[in-house]
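Single-structure report; data block below.
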Amino acid sequence: MKQAAAKHVTIGIGGGISAYRTLELIRLLKKNEASITVAPTKAALHFVTELSLETLSQNACLSLPLQTNNGQISHIEEAYQSDLIIIAPATCDLIAKMAHGFADEILLQTLLSFQGPVLIAPAMETHMWQHPATQANIETLRNRGVQIIGPDNGDLASGRQGLGRMASVNALFEHILSALTPKDFAGIEALVTAGPTVENLDPVRFLSNHSSGKMGVALARALAQRGALVHLVHGPLSVAIPELSNIKSYPVRSTHDMLEQVLELAANVQLAICCAAVADYRQAKIAQEKIKRSEDTITLSLVKNPDILARLGQTSPKPFLIGFAAETANLEINAKAKCQQKNCDLICANLISKSNPAFATDDNEVLILDQKGPVLHIKSQRKDCVARLILDTVHQRLVF
Ligand code: C5P
């Protein structure tokens, strides 16, 4: 099931040029199975049409104050049905009206009737954003619990560059999912390692592996959505890191870099998930010049890298520690032994086969074990669902 399934989101649109980007947000939420009502202001309808909004949302717009539907007052019904209201773009005028309780648009009437989470994505020229009146209104809304997303620096409607551009559609989407998720990891600081590490051979060549970082990023995202502060230590990733302020990214390359960064963070975290596909060996001596293609065969002299997970298992106080184990045979026996040897609380084991390659794919099948044996079998599904199920098991065992 998609994360936004069975959720109803009201999308308010103000009269700004970035309204065209909100169409993409509607599409993204629909793809994630949310039901949507769009409430454009009168000014918004100069920029986008009701036809586009209704086609994409597959629902009638709320655009007229005091609109009724089957004898029901629409803004009251919408406020009762909605799980979340997001306003994108939130113009200067709309922000001022929200701050002062105006109700001359159906969107504003709905907001006044609504008790749930409200997110706004301001978008305007830099000076309008920085004006003390706008900043005072933003402060009023923030103190009232409204979540302010952005604005970003970038291209503005005037052709100038500066602060005031509406946050990216992906950032809005991530914040919506986050706001819809119960915060059962609030107060937890977590460390997640993800992706491959890279060991240089010479200035242009390296040893690495096929890890995309998808599983680690899915875990970081799910933890952040559930309220944790996440330190994501990662090698080069093939996926984007979610634009959430409670995910801190620490890019590294080699296993040694990763170990150093992890040990620096370890003392402050209560939970550590080592998902990275760490290079087990490195070149004994990195060549200063490019290795020439003169010989028919060359020999690499490799030395063993430190085991980051095992090192974390020896720290005191030790965080609740989770490792990953990719095995090609004897999954249960090998994974249980690894859990014990590395002093982990849990191991997530993948049997690597043709049907479950696990590396660089969107799906994964996982057997969770503790030092005594199997705890939960997660059948093959999308890595973001697997991440949520792993965290459910962690939540049952982690002492808060
Ligand atoms: O021993 P093996 O490599 O199969 O163990 C995999 C687990 O150990 C993963 O959680 C991986 O992130 C971690 N690991 C590590 N440092 C290494 C090798 C593996 O943290 N050098």
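Indexing begins at 1, ligand by ligand and atom by atom, following the structure's order. Model, not experiment: these values are computed from the prediction.
- The pair Asp345-Arg397 does not meet the salt-bridge criterion, since no charged nitrogen lies less than 4.0 angstrom from a carboxylate oxygen.
- Salt-bridge formation is not detected for the pair Asp392/Arg388: no Lys NZ or Arg NE/NH1/NH2 atom is positioned less than 4.0 Å from an Asp or Glu carboxylate oxygen.
- Evaluation of the salt bridge (charged side-chain N to carboxylate O under 4.0 Å, His left out) rule for Glu327 yields Lys338 as partners, not counting sequence neighbours.
- Ionic pairing of Lys290 and Asp202 is not present here: no N-O contact between side-chain nitrogen and carboxylate oxygen is shorter than 4.0 angstrom.
- A salt bridge links Lys214 with Asp362: the closest approach of a Lys/Arg side-chain nitrogen to an acidic carboxylate oxygen falls below 4.0 angstrom.
- A heavy-atom cutoff of 4.0 Å around ligand 1 is satisfied by the protein residues Cys274, Ala276, Val278, Asp280, Pro306, Asp307, Ile308, Leu309, Gly323, Phe324, Lys338, Lys342.
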Query raised in the report: Are Met166 and Leu172 close enough, and set up right, to give a side chain to side chain contact (heavy atoms under 4.5 Å, CB included), and what steps lead you there?
Result: CA-CA 9 Å; Met166 188 169 83; Leu172 300 184; 4.2 Å; yes
